[in-house]
Each structure stands twice: as C-alpha cells, then as structure tokens.
Peer 1: 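Once you've had a glance at the structure underneath, I'll fire off some questions.
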Amino acid sequence: QVPLVESGGGLVQPGGSLRLSCAASGSIFSINAMGWHRQAPGKQRELVAAITRGGSTNYADSVKGRFTISRDNAKNTVYLQMNDLKPDDPAVYFCNAVVRTYYYSDYDDYWGQGTQVTVSS
C-alpha cells in the first residue's frame, strides 16, 4: 500500500493563496505522474494539475496562470500553490500518484483522502 497524505487546505478569502502538499509513503519503487484533482458538491471530480517525474506539467484551463504544481522526487511529495483563489475554486482537493511498488510491478494509481479548500469572505 502507498498512503498519500494531503495537507494545507483551509479557509481563505477571495484573492488569497494556499499551498497544498501531498506526501506518498510506504512501498515505493518509483513514482511516475502525480497530480491534483478536485470535487465540488454535486460535481464530478476534475483534474486540476498534473506533473510527470521529469517535471512536465498540465493544467485545467480554469487554473492556468493561478495555480502551480511542483514535486520533490526525493521526498515523494507533490505540491499545489494556489494563488488568486476564486469563488469557483472551493472543493475537496485530492492528490494522486502513479506508483510502481517494486521492480516487476505495474504502475498503479493511488489517491489521498482529500483536503477541503474553502474560499469565502
């Protein structure tokens, strides 16, 4: 198993910033892509941003220019810097990691429990 533990969510005013972190632990041989998704009440889970092991990134159009994803491969950790938060951003944010647990295994997708982001004045 590969637990993913998120932190950094909370309440922020419109225009404010938050930084989310997600650390993977356990039986890890290598991690391919890591990413952040979010799910608001009554909506489907959507991709926010993703990053490959080599650092290539992909963002949802709604967050381009405001959010930045990064990772520390040595720490098996992915970050999401969220700036200029807007009323459309509140959701539970989930991180995921595509992990190979040992040399001969396939890559499997692991998910965190989620962290709540609330934007309110």
Peer 1: Any idea which heavy atoms bring Pro14 and Ser121 closest together, and the distance?
Peer 2: CD-N, 3.7 Å
Peer 1: Evaluate side-chain contact (heavy atoms from CB on, under 4.5 Å) for Asp108 paired with Val98, printing each intermediate quantity in order.
Peer 2: CA-CA 5 Å; Asp108 290 316; Val98 182; over 6 Å; no
Peer 1: Walk me through it: do Asn58 and Leu47 pass the test side-chain contact (heavy atoms from CB on, under 4.5 Å)?
Peer 2: CA-CA 9 Å; Asn58 181 42; Leu47 174 69; 3.7 Å; yes
Peer 1: Is the shortest side-chain N to carboxylate O distance from Arg66 to Asp89 below 4.0 Å?
Peer 2: yes
Peer 1: Taking all non-hydrogen atoms of both residues into account, name the closest pair between Arg38 and Ser62 and its distance.
Peer 2: NH2-OG, 3.4 Å
Peer 1: Working note: Leu20 + Met82, criterion side-chain contact (heavy atoms from CB on, under 4.5 Å); need CA distance, chi angles, decisive distance, verdict.
Peer 2: CA-CA 8 Å; Leu20 305 182; Met82 304 185 293; 3.7 Å; yes
Peer 1: So which heavy atom on Ser105 is nearest to which on Arg100, and how close?
Peer 2: OG-CG, 3.1 Å
Peer 1: Going by disulfide bond (SG atoms under 2.5 Å apart), name the pairs with one or both residues in residues 5-95, residues two or more places apart or in two chains.
Peer 2: Cys22-Cys95
Peer 1: How many angstroms lie between atom CG of Leu80 and atom CZ of Phe67, to the nearest 0.5 angstrom?
Peer 2: 6.0 Å
Peer 1: Passes side-chain contact (heavy atoms from CB on, under 4.5 Å), Val99 versus Tyr107? Steps please.
Peer 2: CA-CA 5 Å; Val99 179; Tyr107 280 101; 5.5 Å; no
Peer 1: Once you round to the nearest 0.5 Å, how far does CE of Met34 lie from OG1 of Thr57?
Peer 2: 14.5 Å
Peer 1: ring-ring contact (aromatic ring centres under 6.0 Å, His included): which pairs involve residues 77-97, sequence neighbours left out?
Peer 2: none
Peer 1: Spell out, as yes or no, whether a donor-acceptor pair under 3.5 Å connects the side chain of Arg71 to the backbone of Ile51.
Peer 2: yes
Peer 1: Can you pull the ring-ring contact (aromatic ring centres under 6.0 Å, His included) pairs that have at least one residue in residues 13-48, sequence neighbours excluded?
Peer 2: Phe29-Tyr103, His37-Trp111
Peer 1: Would you please say whether a donor-acceptor pair under 3.5 Å links the side chains of Thr77 and Asp72?
Peer 2: no
Peer 1: Shared ILVMFWY cluster between Val92 and Leu85, side chains joined below 4.5 angstrom?
Peer 2: no
Peer 1: Does Val63 share a hydrophobic cluster with Val12, counting links as ILVMFWY side-chain heavy atoms below 4.5 Å and allowing steps through other members?
Peer 2: yes
Peer 1: With sequence neighbours left out, what residues match Lys86 under salt bridge (Lys or Arg N to Asp or Glu O under 4.0 Å)?
Peer 2: Asp84
Peer 1: What pairs with Thr68 under side-chain contact (heavy atoms from CB on, under 4.5 Å), at least two apart in sequence or on another chain?
Peer 2: Tyr59, Gln81
Peer 1: Of all residues at least two apart in sequence or in a different chain, which pass the side-chain contact (heavy atoms from CB on, under 4.5 Å) check with Ala24?
Peer 2: Val2, Leu4, Ile28, Ile31, Asn76
Peer 1: For Gln39, look at atom CD and say whether over 12 heavy atoms of other residues, nucleotides or ligands are found less than 6.0 Å away.
Peer 2: yes
